[in-house]
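Throughout, numbering of the chain's residues begins at 1 and tracks the sequence. This structure is a prediction, so every number in the text was calculated from the model and none was measured.
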Amino acid sequence: MTLQISMFDRSHERLATELTEILHKAYEPLIKFGMAATAQQSPEKTLSRLKGGESFLGFVNSEVVPTITMMMDARQEPIVWYKEPGVFWFTQFAIKPTFQGKGLGAELLDFAEAFAKRNGASELAFDTSEEATSLIAWYQHRNYRFIDYCKLPDVSCRSIVLSKNLLTAE
């Protein structure tokens, strides 16, 4: 299965509803941990967030399958770690459920890590519910480490911040 990765641009704006559906379905298991605000956003919010960072879409044939948004400016972010020099973080990382478990998420995350490093990041971070233990284990296997706990204003659960040192990573 070949994944073609494209940077999000104006030609992809028509995919906002489809990308929102992918996010809803992919984040569905996290709703039980209190991440409903992120998982239940509108297509308008998805589009706004896609435009707020450097976003990438993965296509298998012509079907959009994974998506990720890389963020580099943390001035407005409540998570202190994201404001550290050299820290980029990602959001809206999702894989269409029918394609999960096929390595496409790992491939897109590899791409995102390389992009962040090429663009000056020394760390790549993200946050998720502390209850999402299998998800956290997957990232720890990829050399992401615990940084801190946080309580975000739009979610009802406590989150965990994980980060990967891109300068020492294999």
All ring pair (Phe, Tyr, Trp, His ring centres under 6.0 Å) counterparts of F115, not counting sequence neighbours: F56
With side chain to side chain contact (heavy atoms under 4.5 Å, CB included) as the criterion, how do S159 and K151 come out once you've worked through the C-alpha distance, each side chain's angles and the decisive distance to 0.1 Å? CA-CA 6 Å; S159 294; K151 179 69 177 79; over 6 Å; no
List the atom of H12, the atom of S6, and the distance in Å for their closest heavy-atom pair. CE1-CB, 4.1 Å
Just grab all the salt bridge (Lys or Arg N to Asp or Glu O under 4.0 Å) pairs involving residues 54-67, residues at least two apart or on different chains. E63-K96
I136 CD1 to S129 OG distance, which is reported to the nearest 0.5 Å: 7.0 Å
Is it possible for you to say whether L57 and V60 belong to one hydrophobic cluster, with membership spreading through side-chain heavy-atom contacts below 4.5 Å? no
State, with a plain yes or no, whether a side-chain heavy atom of W81 is found less than 4.5 Å away from one of D148. no
Return the CG to CD distance between L23 and E21, rounded to the nearest 0.5 Å. 10.5 Å
If only atom types and distance count, is the side chain of H24 paired as donor or acceptor with the main-chain N or O of Q41 below 3.5 Å? yes
To the nearest 0.5 Å, what is the distance between CE (M70) and OG1 (T91)? 11.0 Å
With sequence neighbours excluded, what pairs up with D9 under the salt bridge (charged side-chain N to carboxylate O under 4.0 Å, His left out) test? none
What closest approach, in Å, do L50 and S55 show between heavy atoms, and which atom pair accounts for it? O-OG, 2.7 Å
Can you give each donor-acceptor pair under 3.5 Å made by side-chain atoms of residues 98-105, sequence neighbours left out, with the distance rounded to 0.1 Å?
from	atom 1	to	atom 2	distance (Å)
Q100	NE2	I95	O	2.9

CD of E13 to CG of L19, rounded to nearest 0.5 Å, is 11.5 Å
Are L124 and V80 grouped together when hydrophobic residues (ILVMFWY) are joined by side-chain heavy atoms under 4.5 angstrom apart? no
If you draw a 6.0 Å radius around CZ in R10, do more than 12 non-hydrogen atoms from other residues or ligands fall strictly inside? no
Below 4.5 Å, heavy atoms only, C-beta onward: do R49 and T69 meet side chain to side chain? no
Measuring from Q92:CD to Y27:OH, what's the distance to the nearest 0.5 Å? 7.0 Å
Donor-acceptor under 3.5 Å (T20 side chain, A16 main chain): yes
Is any side-chain heavy atom of D127 closer than 4.5 Å to a side-chain heavy atom of I79? yes
Answer with yes or no whether the hydrophobic clustering places L108 together with L166; edges join I, L, V, M, F, W, Y residues whose side-chain heavy atoms lie under 4.5 Å apart. yes
Restricting to non-hydrogen atoms, name the atom on P97 and the atom on K25 that form the minimum distance, rounded to 0.1 Å. CG-CB, 3.6 Å
List the residues meeting ring pair (Phe, Tyr, Trp, His ring centres under 6.0 Å) with Y82, not counting sequence neighbours, and say none if there are none. W89
Looking only at non-hydrogen atoms, find the nearest pair between I147 and L162 and report the distance. CG1-C, 4.3 Å
Non-hydrogen side-chain atoms of Y139 and L109 separated by less than 4.5 Å: yes
Under the salt bridge (charged side-chain N to carboxylate O under 4.0 Å, His left out) rule, collect the residues that match up with R14, sequence neighbours excluded. none
Any V87 side-chain heavy atom under 4.5 Å of K83 side chain: no
Spatial distance of atom OG (S163) from atom CZ (F146) [nearest 0.5 Å]: 12.0 Å
Does any non-hydrogen side-chain atom of E123 lie less than 4.5 Å from one of E84? no
Neighbour count >12 (heavy atoms, 6.0 Å) for atom CD, E77: yes
Ignoring hydrogens, what is the shortest heavy-atom contact between S122 and P85? Give both atom names and the distance. OG-O, 4.2 Å
Identify the heavy atoms of I160 and E130 that sit nearest to each other, and give their distance. CG2-CA, 3.9 Å
Within the 4.5 Å heavy-atom criterion, are M72 and N119 side-chain neighbours or not? no
Expected output: side-chain Y144 to main-chain V161 donor-acceptor under 3.5 Å: no
Dump the intermediate steps for side chain to side chain contact (heavy atoms under 4.5 Å, CB included) on D110 and R142, then the final yes or no. CA-CA 10 Å; D110 288 344; R142 293 183 56 89; 2.6 Å; yes
Cluster link F126 to F111, ILVMFWY, side chain under 4.5 Å: yes
With the 4.5 Å side-chain cut-off for hydrophobic clustering, are M1 and V64 part of the same group? no
Determine, step by step, whether F8 and L15 satisfy the side chain to side chain contact (heavy atoms under 4.5 Å, CB included) criterion, reporting the C-alpha distance in whole Å, the side-chain angles of both residues, the deciding distance to 0.1 Å, and the verdict. CA-CA 10 Å; F8 180 83; L15 299 172; 5.8 Å; no
